[in-house]
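All values reported here derive from a predicted model rather than from experimental measurement. Order of listing sets the numbers, starting from 1, for every ligand and every atom in it.
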Amino acid sequence: MTPPVANSFHEMWEELRPLGRDSSSGGYRRFAWTGADGDCRAWFRAQAEARGLAYELDRNGNQWAWLGATTYRDVAPGEAVVTGSHLDSVPDGGAFDGPLGVVSSFAALDELRRRGAEFGRPLAVVNFGDEEGARFGLACVGSRLAAGALTPEAAHRLRDGDGVTLPQAMERAGYDPEAIGPDPERLAAIGAFVELHVEQGRALDLSGDPVGIASAIWPHGRWRFDFRGEANHAGTTRLEDRRDPMLSYAATVLAAREQARLAGALATFGKISVEPNGVNAIPSLVRGWLDARAAGQDSLDTVITGIEQAAAERAARDGVELSVVRESFTPVVEFQHALRDELGAILGKERERPVPVLGTGAGHDAGILSGTVPTAMLFVRNPTGVSHSPAEAATEDDCVAGVTALADVLEGLACR
Ligand code: GLV
Ligand code: MN
Ligand code: MN
């Protein structure tokens with residue numbers, strides 16, 4: 001007999017928990033095409049096979065587990081209902097961002113079988129590769145490639161911090177980098193994609209709801225700021241003779257905070273590289289990556305322009321050269337209203353009050369697919385509100401509520 005939802009979730013969660021976890025930080029380091037990523041991929045395949053689902057690896061390294069079909073080629077356009085998320089992580093990420101969606105998808109399928117559901121449409125669970133972009137700097141590489149939002153040529157130019165290119169990394173992991181590219185027929189087979197995700201804020205905690213539905217994703221992007229100055233001796237160079245890019249960078253970090261505050265937006269410098277990176281040397285290069293997000297395109301534009309201006313003014317004062325490159329961008333995503341309302345109606349039936357609908361500043365594969373596929377998201381309460389950190393959390397009861405909600409949704413969408 002198929003185990004009850006809590007057991008099925010718990011067993012999978014415990015199996016996945018140690019993979020790619022750093023014992024000193026307690027965080028996850030599941031970066032694309034590394035050994036830890038490979039372990040997670042092997043776990044996904046084993047889960048698919050244990051359930052008698054047809055396992056399929058697509059041209060971009062995304063993994064699929066099919067029920068009622070063996071590949072998208074068996075599926076008429078718009079017929080498939082797909083659920084899933086990602087298994088990779090940010091540096092020292094939490095356990096839930098991504099994996100909660102994948103584990104809940106398999107557990108929801110178990111729950112539907114336990115209910116004796118009759119599937120009227122093919123159903124698939126997906127694990128999208130390299131969602132976080134922690135290694136190569138660009139988020140959602142697997143779904144962007146599939147949707148044609150990233151060309152194979154541009155993907156081939158991606159490099160990690162050690163200079164390893166994406167094709168080299170894929171090859172070392174046993175995948176064919178020459179195969180990558182758009183997958184329009186696969187996406188055309190999908191009539192609905194539902195991604196369950198841990199909430200990355202405290203809206204559900206504050207409203208007292210275990211589960212919510214996504215309304216929209218803020219426009220967001222990543223910009224690289226290169227400040228080039230002159231390396232020199234920290235102990236002998238007079239202050240007035242220095243061309244110190246660290247000063248320009250520091251002023252830019254403060255300007256980013258101020259611009260974001262004024263616009264009600266978010267701006268973060270969370271990654272930096274310094275050359276030559278010596279304690280007793282003035283840097284020759286400070287490279288900082290800005291992540292910026294806002295509820296609307298206009299405020300995001302205002303924030304970016306303001307930060308660039310502040311950086312340029314300060315760099316000129318410091319005798320430092322500045323260049324700014326936009327490395328990635330995702331426009332605002334408004335999830336399809338019809339599907340979102342359908343989810344609300346399905347979930348509203350069994351629950352005492354309507355399921356809350358909330359926006360998010362976090363990026364997701366669902367956002368990338370939403371241009372081509374009817375897409376929706378479910379959020380599960382996170383009592384800490386913290387994400388991209390080991391402090392990310394969800395109680396087991398809420399995880400089970402999430403699985404049950406996902407099972408209800410899939411039943412409503414895919415079952416007779
Ligand atoms: C992904 O989690 C992102 O929002 O950057
Ligand atoms: Mn994330
Ligand atoms: Mn995620």
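Asp97 has its closest N, O or S atom to the Mn ion (ligand 3) at the position named OD1. Its N, O or S atom nearest to the Mn ion (ligand 2) is what matters here, and for Glu132 that atom is OE2.
Taking any N or O of Arg293, backbone or side chain, at least one lies under 3.5 Å from an N or O belonging to ligand 1. Residue Gln200 places no N or O, backbone or side chain, under 3.5 Å from any N or O of ligand 1. Between Gly363 and ligand 1, a contact under 3.5 Å exists for at least one N or O pair.
When each atom of ligand 1 is checked for a heavy atom of Glu132 under 4.0 Å away, the hits are 1 (C), 2 (O). Within the listing of ligand 1, atoms 4 (O) sit less than 4.0 angstrom from a heavy atom of Ala362.
Here His86 meets the criterion, with an N, O or S atom under 2.8 Å of the Mn ion (ligand 3). Within the coordination shell of the Mn ion (ligand 2), defined by N, O or S atoms under 2.8 Å, Glu131 is absent. For residue Asp365, no N/O/S atom approaches the Mn ion (ligand 3) to within less than 2.8 Å. Taking 2.8 Å as the threshold, His388 counts as a candidate ligand of the Mn ion (ligand 2), since one of its N, O or S atoms lies below it.
At a heavy-atom distance under 4.0 Å, no atom of His220 approaches ligand 1. Residue His197 does not touch ligand 1, judged by heavy-atom distances below 4.0 Å. With a 4.0 Å cut-off on non-hydrogen atoms, His364 does not touch ligand 1 at all.
Ionic pairing of Asp160 and Arg135 is present here: one or more N-O contacts between side-chain nitrogen and carboxylate oxygen are shorter than 4.0 angstrom. Taking 4.0 Å as the cut-off between side-chain N and carboxylate O, Arg340 and Glu334 count as a salt-bridged pair.
A centroid separation of less than 6.0 Å is found between the aromatic rings of Phe269 and Tyr249. For Phe106 and Phe44, the gap between ring centers is short of 6.0 Å. In this structure, Trp33 has its ring center under 6.0 Å from that of Tyr175.
Contact detail for Cys415 and Ala117: the closest heavy-atom pair is SG-CB, 3.8 Å.
Between Phe193 and Phe128, the two ring planes are perpendicular [angle over 60°; tilted spans 30° to 60°]. The aromatic rings of His364 and Phe379 sit tilted, their planes meeting at an angle between 30° and 60°.
Between Met246 and Phe227 there is no side-chain heavy-atom pair separated by less than 4.5 Å.
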